[in-house]
Amino acid sequence: MTEGDAASARPSYDPVAAQEKWQTYWAEHETFRPKDDGSAERRYVLDMFSYPSGDLHMGHAEAFVMGDMVARYWRLLGYDVMHPLGWDSFGLPAENAAIAHGAHPAEWTYANIETQARSFKRYGLSVDWSRRLHTSDPEYYRWTQWLFLQFFHRGLAYRKASYVNWCPSCLTVLANEQVVQGACERCGSAVTKRQLTQWYFRITEYAQRLLDDMSLLEGRWPERVLAMQRNWIGRSEGATVRFPVPGRDQPIEVFTTRPDTLYGATFMVVAPDADLAAELVTEAQRAEFEAYLERTKQATEIERQSTERPKTGVFLGRHAINPLTGQPIPIWAADYVLSEYGTGAIMAVPAHDQRDLDFARTYGLPVQMVIDTGQGDPAVTGQATAGDGVYVNSEALDGLTNKADGIAAINAKLSRDGSGWATVTYRLRDWLISRQRFWGCPIPIVHCPVDGEVAVPEDQLPIELPDLRGAALAPKGSSPLASATDWAQTECPTCGGPATRDADTMDTFVDSSWYYYRYCSPGDQARAFDPEQVARWMPVDQYVGGVEHAILHLLYSRFFTKVLRDLGLIDFSEPFARLLNQGQVINQGKAMSKSLGNGVDLGRQIDQYGVDAIRTTMVFAGPPEDDIDWADLSPSASLRFLQRAWRLAQDVSSPVGADPAAGDLGLRKVSHRILGEVGDLLELRRFNVVVARLMELVNATRKAIDGGLGGGDPAVREAAEFTAVALSLVAPYVAEEMWQALGRPASVANAGWPEVDPGLRAAERVTMVVQVQGKVRAKIEVPADIDQAEAERLALAEAGVQRALAGRAVAKVIVRLPKMVSIVPEA
RNA sequence: GCCCGAGUGGCGGAAUGGUAUACGCGGACGGCUCAAACCCGUCUGUCUGAUAAAGACAUAGGGGUUCGACUCCCCUCUCGGGCACCA
């Protein structure tokens with residue numbers, strides 16, 4: 001080593017050694033296991049658990065550091081914190097990998113879990129590993145099955161035949177929520193329709209409660225998530241109207257949001273795949289109808305949803321009577337009407353609904369304007385009008401001029417006549433939970449030719465998956481479980497006769513709808529969860545995860561929680577009191593992907609810069625909820641900052657416990673002000689600014705040391721200790737090293753949040769700004785307790801202020817002590 | 001089309017209605033060094049002025065409220081996200 005070799009001469013922090021050392025320490029001392037003895041208020045911090053597909057990636061690193069900061073902060077504040085972790089370990093990729101390698105899905109799954117567990121531990125998460133769970137463990141899915149049975153017994157799980165969403169690539173059905181713009185949420189294939197008998201959860205029964213309880217989440221969940229859920233539930237107020245049909249006992253009921261346009265209803269449209277259509281069609285029209293139905297079923301969801309697509313349909317040969325005009329109107333079937341929404345039939349008002357107008361023009365059906373908006377007759381313009389206007393051709397309504405009055409009047413008339421009533425409809429559909437795949441939770445139902453659908457008795461749970469591997473798992477469009485005849489053949493629990501097991505598995509979103517309850521009593525052999533433990537820990541105080549689950553996992557979990565409440569197992573309504581959606585990590589403006597070749601490997605980043613630097617980079621990049629572009633970031637700068645912080649601790653030479661009050665006042669003020677701000681910022685989850693403030697503290701402390709204070713001043717120790725404690729949220733390894741170098745006993749995670757001295761935090765002298773007509777003309781250093789008269793006097797004495805006044809008299813002076821004086825001159 | 005967000009230096013981003021541009025990146029110059037890296041220091045919105053003093057203009061654009069607006073209100077534009085033949 002040459003004399004001037006500063007790099008090796010200067011001590012520096014070694015991330016790798018620190019990482020190994022402290023991981024071992026935390027594991028041995030169970031540092032992050034909650035005391036759970038009632039000695040402190042409890043807090044529950046939860047990250048959306050991981051799906052075990054390969055090792056952790058940049059997205060995990062971003063998401064999990066946010067939750068970890070909250071958990072570590074609350075721990076420092078003295079709360080008893082539960083911060084568990086587990087795996088959402090059922091699902092398709094494991095099955096596909098097993099098919100490719102002739103293996104069992106469990107092999108792939110549990111190997112990946114081990115890899116991720118090692119990476120999570122290295123990443124320094126303050127997790128209580130004793131609560132670890134995997135949804136694919138029989139000890140877990142036993143209780144998923146138990147919950148299914150509770151739903152079943154309450155009539156909340158039921159089977160029905162319906163046209164369902166089908167992914168031709170995954171060869172399984174999908175829930176409505178898993179169809180994104182007509183494509184499979186997982187693989188992107190165009191979704192088609194199939195008629196199948198499937199299991200559903202009756203989430204629609206909870207639509208209004210899911211909506212109402214959002215008031216409990218207002219301001220605590222991101223507004224956009226609430227908006228998305230509101231949208232998805234899609235409450236719509238309108239009326240049901242009955243149309244008598246000659247030759248049919250029952251009138252047809254339609255749902256409409258515009259009952260006031262009823263006089264303009266010139267035909268009716270029924271969804272082709274609704275039972276009603278097949279029932280209504282006349283023999284003469286049957287062949288044509290069936291050909292049309294067949295074509296409808298072939299269309300993918302992407303095609304069907306396209307609004308550009310020309311309207312098609314077929315006349316069913318029947319008529320209904322408009323209850324107000326008494327006129328017969330033709331009944332058509334057309335695929336722009338959905339069988340699943342409303343009643344599956346609509347009254348068509350072509351003059352005031354663009355879709356109906358397009359259809360009417362295609363098939364030459366009459367158009368009757370009933371509201372004159374002054375925009376011309378839709379029959380002529382081809383533009384349906386939807387706004388307010390003067391009612392025309394509408395006996396009972398003629399003369400009214402706005403929608404609200406029209407709707408009220410018509411609703412009153414309909415209920416008097418018994419031909420209609422006000423109705424609320426929701427867009428939300430029941431949750432289809434059957435899946436024709438192997439690697440999922442078996443549905444605990446036996447199908448008996450005598451007794452029908454029979455619940456498996458609870459003492460026979462879990463129904464474990466049979467040991468299928470390789471080709472036996474290949475998707476055939478029916479469940480692989482059905483081909484495991486030994487498994488599928490069973491006895492009816494009721495009559496003892498031969499019966500078959502339900503061969504479908506549950507949607508993995510069922511597994512993830514209750515895992516956060518299981519964390520509260522993970523080892524419980526007798527129950528899904530211990531209600532007492534749940535009462536202590538739940539609801540989750542802070543939930544962290546991606547916005548991609550805004551209407552999947554989060555809606556389902558809210559639904560589950562309401563059902564559990566109705567079952568008397570819990571006494572709260574919402575599972576997640578606070579929600580933080582972290583953004584995505586992208587690279588060079590785009591999501592990382594193999595095809596773009598812009599992926600950044602988390603493991604390699606950590607090898608190069610260390611865990612702390614990567615965590616710091618993620619946090620400092622911007623607001624937690626914003627996407628961050630790795631190309632804009634500098635992990636080496638983060639490491640530089642951490643080295644600077646670490647060096648502060650090395651430079652401290654005063655003894656442990658040195659009285660800070662004997663230290664430099666200027667530095668102490670900086671330390672207390674910044675620590676106070678950091679606390680405020682943490683409450684607001686403004687983690688990026690937290691890091692910025694800590695950088696200021698480190699810079700100020702360095703300046704103080706080098707500027708003559710040296711390492712022996714107690715204020716320097718205080719600043720370094722503040723830094724170590726606050727930094728432990730972001731960079732736990734460096735913080736532990738600092739804490740140890742400062743002579744303090746491990747772990748810094750339990751050091752407690754330092755007390756901020758309000759007297760030190762409040763400045764004695766402040767910069768007072770003087771404005772003339774709103775423009776800053778002078779800045780004066782003044783005592784913080786300056787009085788109004790003195791402030792005004794000093795302000796007016798400033799040369800810059802006099803210059804700006806240019807001899808004009810002062811009309812008004814506004815003083816905000818001690819920071820601002822605003823002077824208004826005479827005009 | 002409907003519903004949410006968001007527009008601030010070269011870049012990521014700060015700013016309870018009261019000093020716009022904190023912190024960092026990038027850049028310039030300097031120190032340390034035989035040299036480089038590391039590290040340290042100073043400067044860094046635009047324009048006028050002399051690199052000063054001083055001033056003008058700047059938070060997508062336009063208007064408003066206010067002594068004072070990035071912040072509140074109205075209109076417009078742009079970008080991002082969600083939903084979408086939902087009657």
Side-chain angles (χ1 to χ4, degrees), chain A residues 2-10 12 180-182 222-232 234 236 238 254-258 261 269 304-309 311 334-338 340-349 352-356 358-359 386 425-429 547 550-551 616-617 620-623 625-629 631-634 636-638 640-641 643-644 647 680 686 688-696 699 702-703 706 766-776 778-779 799-800 803-804 811-816 819-825:
Chain A
T2 60
E3 202 180 1
D5 194 338
S8 37
R10 184 188 294 284
S12 72
V180 179
Q181 309 202 322
E223 184 48 44
R224 64 174 164 163
V225 173
L226 295 176
M228 281 162 78
Q229 292 213 357
R230 222 173 270 125
N231 227 314
W232 189 259
S236 181
V254 303
F255 173 73
T256 176
T257 53
R258 295 297 305 274
T261 63
V269 186
R304 203 193 60 75
Q305 288 182 3
S306 165
T307 44
E308 264 96 89
R309 191 157 154 260
K311 297 278 181 291
D335 66 359
Y336 80 92
V337 173
L338 307 175
E340 304 275 316
Y341 185 75
T343 64
I346 63 157
M347 62 178 214
V349 184
H352 306 296
D353 183 291
Q354 192 61 45
R355 295 156 302 183
D356 296 343
D358 293 344
F359 190 80
T425 302
Y426 302 88
R427 213 189 73 102
L428 184 69
R429 309 290 155 76
V547 74
I551 45 180
T616 304
T617 304
F620 184 53
E625 61 275 12
D626 285 7
D627 286 353
I628 62 179
D629 192 330
D632 294 334
L633 306 176
S634 177
S636 62
S638 299
R640 195 182 313 148
F641 158 62
Q643 295 283 15
R644 280 165 61 80
R647 252 179 257 129
D680 296 345
R686 306 179 49 99
N688 55 325
V689 192
V690 166
V691 174
R693 291 292 170 270
L694 292 178
M695 287 173 169
E696 287 182 53
N699 290 344
R702 171 51 55 197
K703 215 166 225 167
D706 293 349
V766 296
T767 306
M768 186 174 77
V769 175
V770 187
Q771 300 176 354
V772 178
Q773 282 179 304
K775 285 187 197 290
V776 177
K779 298 174 187 181
R803 225 180 1 256
K812 192 166 152 191
V813 178
I814 294 136
V815 181
R816 292 279 174 276
K819 299 205 61 151
M820 208 269 324
V821 176
S822 183
I823 297 166
V824 186

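Each chain gets a letter, A, B and so on, in the order its sequence line appears, and its residues count up from 1. Just the heavy atoms: all of them, side chains too, but no hydrogens, waters or symmetry mates, feed the values below.
For the 3.5 Å distance criterion, the side chains of A/Arg427 and A/Asn231 fail to qualify, holding no donor opposite an acceptor.
A salt bridge is absent between A/Glu696 and A/Lys703: the closest approach of a Lys/Arg side-chain nitrogen to an acidic carboxylate oxygen does not fall below 4.0 angstrom.
Between A/Ile628 atom CD1 and B/G24 atom C1' the separation is 14 Å, expressed in whole Å. Distance A/Lys812 NZ to B/C67 P: 5 Å, rounded to the nearest Å. Straight-line distance from the NZ atom of A/Lys703 to the P atom of B/G41: 7 Å, rounded to whole Å. With rounding to whole Å, A/Arg644 atom CZ is found 10 Å from B/C39 atom C1'. If you take CE of A/Met228 and P of B/C2, they are 19 Å apart, rounded to a whole angstrom. At whole-Å resolution of the value, CG in A/Asp680 and P in B/A22 are 21 Å apart. When rounded to the nearest whole Å, the span between CZ of A/Arg640 and C1' of B/A37 equals 12 Å. Rounded to whole Å, the distance from CD on A/Gln773 to C1' on B/U66 is 14 Å.
Spacing of P atoms, B/C72 relative to B/C79, comes out at 23 Å, to the nearest Å. The gap from the C1' atom of B/C70 to that of B/A87 amounts to 43 Å, rounded to the nearest Å. Comparing the same atom, P, in B/G63 and in B/C11 gives a spacing of 26 Å after rounding to whole Å. B/G26 and B/C77 have their P atoms separated by 40 Å, given to the nearest Å. Going from the C1' atom of B/G9 to that of B/G17 covers 24 Å, rounded to whole Å. Taking atom C1' in both B/U65 and B/C73, one finds a spacing of 7 Å when rounded to whole Å. Remark: the separation of the P atoms in B/A60 and B/C67 is 24 Å, to the nearest Å.
Nearest to the side chain of A/Trp232, among B/C83, B/C25, B/A87, sits B/C83. The side chain of A/Ala637 lies closest to B/G24, out of B/G12, B/G24, B/C83. Among the nucleotides B/C39, B/A15, B/C23, the one closest to the side chain of A/Arg647 is B/C39. The listed nucleotides are B/C23, B/G5, B/U19; the one nearest the side chain of A/Glu223 is B/G5. In this structure, of B/C83, B/A87, B/G18, it is B/G18 that holds the atom nearest to the side chain of A/Ile814. Residue A/Val776 places its side chain closer to B/A20 than to any other of B/A20, B/C11, B/A87. Closest approach to the A/Ala692 side chain among B/C23, B/A87, B/A14 is made by B/C23 (side chain taken as heavy atoms from C-beta onward).
Within 4.0 Å of A/Arg230, counting heavy atoms only, lies no atom of the nucleic acid at all. At a threshold of 4.0 angstrom between heavy atoms, the contacts of A/Arg702 with the nucleic acid are absent. Backbone-only contact: A/Thr257 has heavy atoms under 4.0 Å from sugar-phosphate atoms and none from a base. Among the heavy atoms of the strands lying under 4.0 Å from A/Pro623 are primed sugar atoms or P, OP1, OP2 only; no base atom is included. At a threshold of 4.0 angstrom between heavy atoms, the contacts of A/Asn231 include nucleobase atoms, whether or not backbone atoms are also involved. Among the protein residues, A/Asn699 comes within range of the sugar-phosphate backbone only, with heavy atoms under 4.0 Å from sugar or phosphate atoms but none that close to a base. Across all strands, A/Val349 comes closer than 4.0 Å to no nucleic acid atom at all (heavy-atom distances). A/Arg427 comes within contact range of at least one nucleobase, with a heavy-atom separation under 4.0 Å. Residue contacts shown for A/Asn688 are limited to sugar-phosphate atoms, with no base heavy atom under 4.0 Å away. Counting non-hydrogen atoms under 4.0 angstrom, A/Ser822 reaches a base of the nucleic acid.
Across the interface with RNA chain B, nearest-nucleotide mapping of A/Leu633 and A/Met820 shows A/Leu633 to be the residue nearer the 5′ end. Nearest-nucleotide positions on RNA chain B for A/Val225 and A/Val337 put A/Val225 closer to the 5' end.
Summarising the base pairing, B/C29 is matched to B/G41 through a Watson-Crick or G-U wobble pair whose two defining distances lie under 3.5 Å. Pairing of B/A14, defined by two Watson-Crick or G-U wobble distances under 3.5 Å, is not identified with any nucleotide. Under the Watson-Crick and G-U wobble criteria, each requiring two contacts below 3.5 Å, nucleotide B/C72 is paired to B/G64. Pairing partner, B/G5: B/C79, with both Watson-Crick or wobble hydrogen-bond distances short of 3.5 Å. Applying the Watson-Crick and G-U wobble criteria (two distances, each under 3.5 Å), B/A50 pairs with nothing in any strand.
A/Val547 meets the side chain to side chain contact (heavy atoms under 4.5 Å, CB included) test with A/Arg224, A/Val225, A/Ala550, A/Asn581; sequence neighbours excluded.
Side-chain N/O atoms of A/Arg816 and base N/O atoms of B/G18 include a donor-acceptor pair closer than 3.5 Å. Checked by distance alone, A/Gln771 brings a side-chain donor or acceptor within 3.5 Å of a matching partner on the base of B/G18.
B/G10: glycosidic angle beyond 90° from 0, hence anti.
With a 4.5 Å cut-off on side-chain heavy atoms, A/Ile346 and A/Asp356 count as touching. Contact of the A/Gln771 side chain with the A/Ile814 side chain is not registered, since no non-hydrogen atoms from C-beta on lie closer than 4.5 Å.
Judged by distance alone, the side chain of A/Arg647 and the main-chain N or O of A/Arg702 form no donor-acceptor pair under 3.5 Å.
Under the 30°/60° scheme for interplanar angles, the aromatic rings of A/Tyr336 and A/Phe359 are found to be tilted.
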